[in-house]
Amino acid sequence: MERVAFTREVGPAIQRCELTHLAPQAIDLERARAQHEAYEACLRSLGCTVRRLPDEPEHPDGVFVEDTAVVLDEVAVLARPGAASRRGEVASMAEALAPHRACLRIEAPGTLDGGDALVLGRQVHVGLSSRTNADGIAQLKRLLEPHGYTVRTVFFTGCLHLKSAVTRVGEEMVLLNPSWVDREAFPAHRSLAIDSEEPFGANALLIGGAVVYPAEHPRTAERLAAAGIEVHSVELSELAKAEGGVTCCCVLVCT
């Protein structure tokens, strides 16, 4: 089995990224690119084949490829991002995924960002957010039910996407910020709470039995390690200024 990680280079327009919960800050483009390259190196060290999508310098948020698709074992669902400025990013992801998955699509008036979709086995938990609306969730449910998936709506607060509030860090464990999302929304999984001093620490990327995790949240990293989880630390401080995290920067496909 080959694990492919689709990524995209940090574009020069990232300073104009869409923001919802953070105040604008100056982003050092060269440092952001260096951090992103180290992130890609980490993916390779965990056995991924990294394939960069074409540069899209006109899209400030183009590096956050996760929002363009939800990939499952059977199919891929091409998203319709809630920010109109991001919808042009989907075409290159659709082309990249076509050799690997049958591609379905969210249509207007539905909106769906991939960062709001948390896949836990045969259940897909989808955050109702400023980027993902009820129609988008209903469409996803109709598209995935024939493939044996249950789609559940999750309510959260405090952040842009559901996966800023909760991510999967093991076969039966999620990492979450209990101030932003209710533990009871994931009854089939054990939950590990972030350190309260690191509110954005719930975003982790599970690859095999290891977790790629931001170096900016060392206290929560210690909790992960204490729980027996193999942690691979990466610095993403510049992309965090654009409300980005470790899940946002790749789309994983097993082939």
Side-chain angles (χ1 to χ4, degrees), residues 10 14-15 17-28 31-32 35-36 38-39 42 61 63-64 66-67 81-83 113-120 125-132 152-170 173-187 189-207 210-250:
V10 183
I14 192 170
Q15 194 63 58
C17 62
E18 299 271 358
L19 292 172
T20 60
H21 288 80
L22 294 178
Q25 301 179 65
I27 297 174
D28 184 323
R31 188 179 183 197
Q35 290 180 346
H36 186 256
Y39 167 84
C42 183
D61 294 278
V63 65
F64 304 125
E66 176 187 41
D67 292 322
D113 273 20
D116 280 323
L118 176 63
V119 180
L120 299 175
H125 300 259
V126 187
L128 186 66
S129 73
S130 62
R131 301 291 178 88
T132 296
R152 295 184 175 180
T153 301
V154 179
F155 300 96
F156 67 99
T157 187
C159 55
L160 175 59
H161 289 126
L162 177 64
K163 280 197 252 186
S164 294
V166 56
T167 50
R168 180 169 167 253
V169 292
M173 181 181 288
V174 293
L175 175 69
L176 54 74
N177 180 338
S179 296
W180 289 354
V181 68
D182 188 350
R183 296 172 184 260
E184 300 305 315
F186 315 98
H189 287 71
R190 292 180 295 133
S191 62
L192 177 66
I194 60 160
D195 186 281
S196 60
E197 297 297 316
E198 298 170 346
F200 286 93
N203 187 255
L205 177 62
L206 181 65
I207 300 179
V211 161
V212 180
Y213 192 71
E216 293 74 33
H217 309 299
R219 295 182 180 183
T220 303
E222 290 179 0
R223 293 190 179 192
L224 288 165
I229 296 167
E230 180 183 335
V231 177
H232 292 253
S233 179
V234 295
E235 291 188 3
L236 283 183
S237 57
E238 295 304 306
L239 295 180
K241 296 175 183 177
E243 293 185 308
V246 290
T247 64
C248 309
C249 295
C250 74

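Residue indices begin at 1 and follow the sequence shown. Predicted model, so just to flag it, every value in this text is computed and none were measured. Side chains are part of it too, since the values below use all heavy atoms of this structure and drop only hydrogens, waters and symmetry mates.
Distance alone, capped at 3.5 Å, places no donor-acceptor pair between the D61 side chain and the C17 backbone. Judged purely by atom type and a 3.5 angstrom limit, T167 uses its side chain to pair as donor or acceptor with the backbone of A202. A distance-only check finds no donor-acceptor pair linking the side chain of D182 to the backbone of A185 [under 3.5 Å]. Using modelled atom types, one side-chain atom of Y39 and one backbone atom of V246 make a donor-acceptor pair closer than 3.5 Å. Using a distance-only test at 3.5 Å, with no hydrogens or angles considered, no donor-acceptor pair links the side chain of E243 to the main chain of L160. Of the possible donor and acceptor atoms, one in the side chain of K163 sits under 3.5 Å from a partner among the backbone N and O of A117. Using a distance-only test at 3.5 Å, with no hydrogens or angles considered, no donor-acceptor pair links the side chain of D116 to the main chain of V126. The backbone N or O of M173 lies less than 3.5 Å from no partner atom in the side chain of R168, so there is not a single donor-acceptor pair. Counting only distance, with no hydrogens or angles, the side chain of Y213 and the backbone of E230 share no donor-acceptor pair below 3.5 Å. Side-chain atoms of E238 never come within 3.5 Å of backbone atoms of Q35 as a donor-acceptor pair (strictly under, hydrogens ignored).
Side chains of P214 and V234 form no contact here, defined as non-hydrogen atoms less than 4.5 Å apart. Contact of the H36 side chain with the V63 side chain is registered, since non-hydrogen atoms from C-beta on lie closer than 4.5 Å. With a 4.5 Å cut-off on side-chain heavy atoms, L118 and V166 count as touching.
The minimum heavy-atom distance between S130 and T20, with the atom names listed, is OG-CG2, 4.3 Å.
Side-chain contact, D195 with T220: no donor N or O sits under 3.5 Å from an acceptor N or O. Residues T132 and D113 have side chains that never bring a donor and an acceptor to within less than 3.5 angstrom of each other.
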Can you list the steps and then say if F200 with W180 is a ring pair (Phe, Tyr, Trp, His ring centres under 6.0 Å)?
CA-CA 10 Å; F200 286 93; W180 289 354; 5.0 Å; yes

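Salt bridge status for E222 with R219: absent, with no side-chain N to carboxylate O gap under 4.0 Å.
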